[in-house]
> 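This is the structure, below, for whatever I ask next.
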Amino acid sequence: MSKFDYHKAMREGHGYNQYVADLLQQFGVPKVDVPEFTIATTHDEIRDKTLNEKDIVVDDLILEVKSSSRSFKNADDFPFNPVIVDTVHGFDSKIIKPFAYLIISQITHNIFVIPVATKYDWTIQTYYDRYRDIEDQFYMVSKRHCRPFIELVDILLERANERTNQMQ
């Protein structure tokens, strides 16, 4: 088994962050930002990245992007139920929790969304990750709690419109 290449995975992940951010901007969502890509190499840098990393920032909301090697068109078409949201350690360690997780297919580039508001419906399961050669606990959610990407776009556009109206 080959050793998992974290740096390569981080670079590829950043590419998906940028792809999703570009898509949000194409839909007219304002104030979309992808923080600069950096590689954490020291223990302190890795800890800081775990606590503070933000994939995409839209105004004051954080969106977490997770790419999947699975082919799917939408959440209903996703081959597993429940769906992995994140590692328990990864989510619980974040100082500012994401507004939503966006699951993107590396094959089709289709996206569905897991709102963090569904956290009370998440369960925990332990899995062995053969690529990283580790066992870890993961938050899981039923596909029925997943939403289409366009619903997130609508929410972000509504929030931007409300903020604009408040300033007038």
Side-chain angles (χ1 to χ4, degrees), residues 6 9-25 27 29-40 43-68 70 72 74-75 78 80-106 110-127 129 132 134-163 166:
Y6 281 95
M10 290 167 68
R11 279 190 301 277
E12 289 173 354
H14 188 76
Y16 288 109
N17 298 351
Q18 192 61 59
Y19 174 85
V20 173
D22 291 346
L23 193 57
L24 289 168
Q25 290 173 325
F27 276 105
V29 175
K31 297 184 179 178
V32 177
D33 180 53
V34 176
E36 184 179 338
F37 175 68
T38 59
I39 296 275
H43 178 72
D44 287 342
E45 288 173 348
I46 293 168
R47 177 172 158 62
D48 181 66
K49 205 168 188 73
T50 300
L51 297 174
N52 298 300
E53 185 178 33
K54 299 165 183 68
D55 292 347
I56 300 173
V57 180
V58 179
D59 204 6
D60 61 348
L61 299 177
I62 298 169
L63 305 177
E64 182 86 11
V65 178
K66 299 290 186 185
S67 72
S68 170
R70 309 297 180 201
F72 57 86
N74 52 45
F78 192 74
F80 301 104
N81 192 21
V83 177
I84 292 176
V85 180
D86 199 350
T87 63
V88 171
H89 176 264
F91 179 83
D92 289 351
S93 297
K94 292 181 188 317
I95 292 173
I96 301 172
K97 305 298 188 223
F99 179 71
Y101 281 81
L102 287 72
I103 312 300
I104 180 169
S105 169
Q106 296 169 1
N110 288 316
I111 305 166
F112 65 87
V113 177
I114 303 169
V116 172
T118 64
K119 168 106 177 31
Y120 293 107
D121 296 302
W122 296 359
T123 60
I124 296 175
Q125 291 186 21
T126 302
Y127 288 109
D129 182 334
R132 291 175 178 87
I134 59 167
E135 188 173 87
D136 212 340
Q137 290 188 312
F138 294 86
Y139 280 120
M140 310 293 293
V141 69
S142 169
K143 289 197 291 189
R144 68 185 175 90
H145 294 294
C146 300
R147 311 304 317 148
F149 177 71
I150 197 66
E151 285 187 20
L152 175 66
V153 170
D154 288 344
I155 289 168
L156 296 175
L157 288 171
E158 285 173 18
R159 284 177 52 90
N161 189 38
E162 287 170 6
R163 285 183 183 243
Q166 288 175 355

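All residue numbers refer to positions in the sequence shown, counting from 1.
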> Can you tell me how far CG of D92 sits from OH of Y139, rounded to the nearest 0.5 angstrom?
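Here the interatomic distance stands at 3.5 Å.
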> Flag the pair W122 / H145 as yes when at least one side-chain heavy-atom distance between them is below 4.5 Å, and no otherwise.
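Side chain of W122 against side chain of H145, heavy atoms only: no contact under 4.5 Å found.
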> Just so I know, are the side chains of P82 and V141 near enough to count as touching, which here means a heavy-atom distance under 4.5 Å?
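The answer is no; the side chains never approach within 4.5 Å.
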> If I take atom CG from residue L24 and atom CG from residue L157, how far apart are they, to the nearest 0.5 angstrom?
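Between atom CG of L24 and atom CG of L157 there are 9.0 Å.
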> Mind listing the closest non-hydrogen atom pair of P115 and R147 along with its distance?
CG-CG, 3.7 Å
> For the OG1 atom of T126 and the CE atom of M140, what is their distance to the nearest 0.5 Å?
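Rounded to the nearest 0.5 Å, the OG1-CE separation comes out at 10.5 Å.
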> Looking at CG of N74 and NZ of K143, how far apart are the two atoms once the value is rounded to the nearest 0.5 Å?
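One finds 8.5 Å between CG of N74 and NZ of K143.
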> Would I104 and V20 satisfy side-chain contact (heavy atoms from CB on, under 4.5 Å), going step by step from the backbone distance to the final call?
CA-CA 9 Å; I104 180 169; V20 173; 4.1 Å; yes
> I'd like to know if the side chain of D55 pairs up with that of Y16 as donor and acceptor (distance under 3.5 Å, no hydrogens or angles considered).
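Note: D55 and Y16 side chains miss the donor-acceptor criterion.
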> What are the two closest non-hydrogen atoms of I56 and V58, and how far apart are they?
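Result for this residue pair: CG2-CG2, 4.0 Å.
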> Between N81 and S142, is there a side-chain heavy-atom distance shorter than 4.5 Å?
yes
> Show the nearest heavy-atom pair for residues I96 and K54, with the distance to one decimal.
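Distance-wise, the nearest heavy atoms are CD1-CE, 4.5 Å.
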> Does a salt bridge link K97 with D86, judged by any charged N lying under 4.0 Å from a carboxylate O?
no
> Just so I know, are the side chains of L152 and L156 near enough to count as touching, which here means a heavy-atom distance under 4.5 Å?
yes
> Minimum heavy-atom separation for K94 to G90, with atom names?
CG-O, 3.2 Å
> Taking S105's backbone N and O only, do any of them form a donor-acceptor pair with S68's side chain (distance below 3.5 Å, no angle check)?
no
> Where do I103 and I84 come nearest, in terms of heavy atoms and distance?
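It is CD1-O, 4.3 Å.
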> Find out whether D60 and R159 are in side-chain contact, i.e. whether some heavy atom of one side chain is under 4.5 Å from a heavy atom of the other.
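In contact.
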> I want to check something: taking the side chain as every heavy atom from C-beta on, are F138 and V85 in contact at a cut-off of under 4.5 Å?
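No, too far: nothing below the 4.5 Å cut-off.
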> Roughly how far apart are L102 CG and E64 CD, rounded to 0.5 Å?
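Atom-to-atom, L102:CG and E64:CD are 9.5 Å apart.
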> Which word best sums up how the rings of F91 and Y101 line up, parallel for under 30°, tilted for 30 to 60°, or perpendicular for over 60°?
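Rings of F91 and Y101: tilted, 30 to 60°.
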> Atom CD1 of I150 and atom CD1 of I155: how far apart are they, to the nearest 0.5 Å?
11.0 Å
> Looking only at heavy atoms, which two atoms of V153 and F27 are closest? And how far apart?
CG1-CB, 3.6 Å
> Please work out which of the three classes, parallel, tilted or perpendicular, describes the rings of F78 and F112, given edges at 30° and 60°.
perpendicular
